[in-house]
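Below, chains carry the letters A, B, ... as their sequence lines are ordered, and counting in each starts from 1.
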Amino acid sequence: MFILWSKLTDKKKRLKLEQSFYLNADVCQVAQDLLGKVLFCKSDGVISGGMIVETEAYSEKEKACHAYNGRRTKRTSTLFERGGTSYVYLCYGMYHLFNVVTNVNGVAEAVLIRAVEPVQGVEYMVRRRNARRLTPQLTSGPGKLSIALGIGKEDNGLDLSGEKVWIEEWGISPSVTEFGQTTRVGVDYAGDDAQLPWRFILKGNPYISNKGK
DNA sequence: GCAATGATTTACT
DNA sequence: GTAAATCATTGCC
């Protein structure tokens with residue numbers, strides 16, 4: 001039995017997250033707090049958004065992170081930005097993965113948004129994905145949700161307090177029993193750090209990506 | 001139903 | 001050259 005959280009929402013309460021939310025030094029705490037928040041992207045003049053149901057935390061202190069051990073390249077430089085900045089990078093040459101940079105300027109930590117439940121602009125998301133209707137597979141994965149929301153490489157390094165990409169608080173407060181915490185997906189190469197339970201989900205939500213159980 | 005595979009950029013060996 | 005924070009399609013049980 002699962003619950004569609006967006007159906008329980010009091011949609012009158014909509015607050016854009018403040019920068020202080022992203023400056024938290026505990027990236028895992030931010031990753032869990034982002035569950036139930038709503039990610040928006042304005043693309044081609046239309047706004048689409050989805051409630052975050054799955055996240056993963058990454059830190060320069062562990063091997064799965066692109067900026068492990070303080071590694072700085074053209075790609076990872078965004079990770080060192082101040083919290084509240086977007087980090088979008090190309091994975092496997094095809095998919096743009098969307099992350100939220102956390103912590104203060106100079107410390108590379110980020111939260112990967114792995115899955116969302118569509119709540120606004122659904123018809124545009126369906127069209128971008130070349131689908132016929134809304135199904136769980138529309139946004140149940142980091143590559144999929146970027147296509148659905150229209151997020152691309154041009155959205156890398158943006159300030160999340162701006163008008164292009166941002167996150168809102170809708171008063172959705174999952175109880176402790178609805179949180180799930182497991183190991184991250186696709187990071188086997190990270191050795192012992194692949195065992196870190198840094199993946200956070202809203203238990204039972206149909207839009208969670210399947211892999212890595 | 002499932003595993004194997006291709007698409008294609010970035011970064012490191 | 002190879003592997004990567006992936007996904008859709010193909011082909012074989």
Taking the side chain of [X] as heavy atoms from C-beta outward, which of [options] is closest to it?
{"X": "A:R75", "options": "B:dA11, C:dT6, B:dA7", "value": "B:dA11"}
{"X": "A:K144", "options": "B:dC12, C:dC7, B:dA7", "value": "C:dC7"}
{"X": "A:R114", "options": "B:dA7, B:dC12, C:dT6", "value": "C:dT6"}
{"X": "A:L90", "options": "B:dT9, C:dA8, C:dT6", "value": "B:dT9"}

What is the distance, to the nearest angstrom, from the [atom1] atom on [X] to the [atom2] atom on [N]?
{"X": "A:M94", "N": "C:dA3", "atom1": "CE", "atom2": "C1'", "answer": "16 Å"}
{"X": "A:F98", "N": "C:dC7", "atom1": "CZ", "atom2": "C1'", "answer": "20 Å"}
{"X": "A:N99", "N": "C:dT6", "atom1": "CG", "atom2": "C1'", "answer": "14 Å"}
{"X": "A:Y89", "N": "C:dT6", "atom1": "OH", "atom2": "C1'", "answer": "9 Å"}
{"X": "A:H96", "N": "C:dC7", "atom1": "NE2", "atom2": "C1'", "answer": "15 Å"}
{"X": "A:Q137", "N": "C:dT6", "atom1": "CD", "atom2": "C1'", "answer": "15 Å"}

Can you tell me the base-pairing partner of B:dT8? Count Watson-Crick or G-U wobble geometry only, both distances below 3.5 Å, and say none if there is no partner.
none
Contact class for [X] vs. all strands (heavy atom < 4.0 Å): base, sugar-phosphate, or nothing?
{"X": "A:R72", "answer": "nothing"}
{"X": "A:G93", "answer": "base"}
{"X": "A:L112", "answer": "base"}

Can the positive tip of A:R75 be found less than 6.0 Å from the middle of the six-membered ring of A:Y87, inside 45° of the ring normal?
no
Stepwise, does the side chain to side chain contact (heavy atoms under 4.5 Å, CB included) test hold for A:S48 with A:R128?
CA-CA 11 Å; A:S48 42; A:R128 286 196 197 93; 3.5 Å; yes
Can A:Y95 be classed as stacking with the base of C:dT6, given a centroid separation cut-off of 5.5 Å and a plane angle cut-off of 30°?
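So no, this residue does not stack on that base, at least one cut-off failing.
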Name the orientation class of the two ring planes belonging to A:F40 and A:W170 (parallel below 30°, tilted from 30 to 60°, perpendicular beyond 60°).
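Aromatic pair A:F40/A:W170 classed tilted.
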Between A:S59 and A:E62, do the side chains contain an N or O donor and an N or O acceptor separated by less than 3.5 Å?
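A:E62 and A:S59 do not have a side-chain donor-acceptor pair below 3.5 Å.
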OP1 or OP2 of B:dA11 sitting under 4.0 Å from any side-chain N/O of A:R71?
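Indeed not, no polar side-chain atom of A:R71 lies that close.
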Within-4.5 Å side-chain heavy-atom neighbours: A:S161 and A:Q19:
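Result no, sub-4.5 Å side-chain heavy-atom pair not found.
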For the P atoms, the ones on C:dA8 and on B:dT10, what distance do you get once it is rounded to whole angstrom?
22 Å
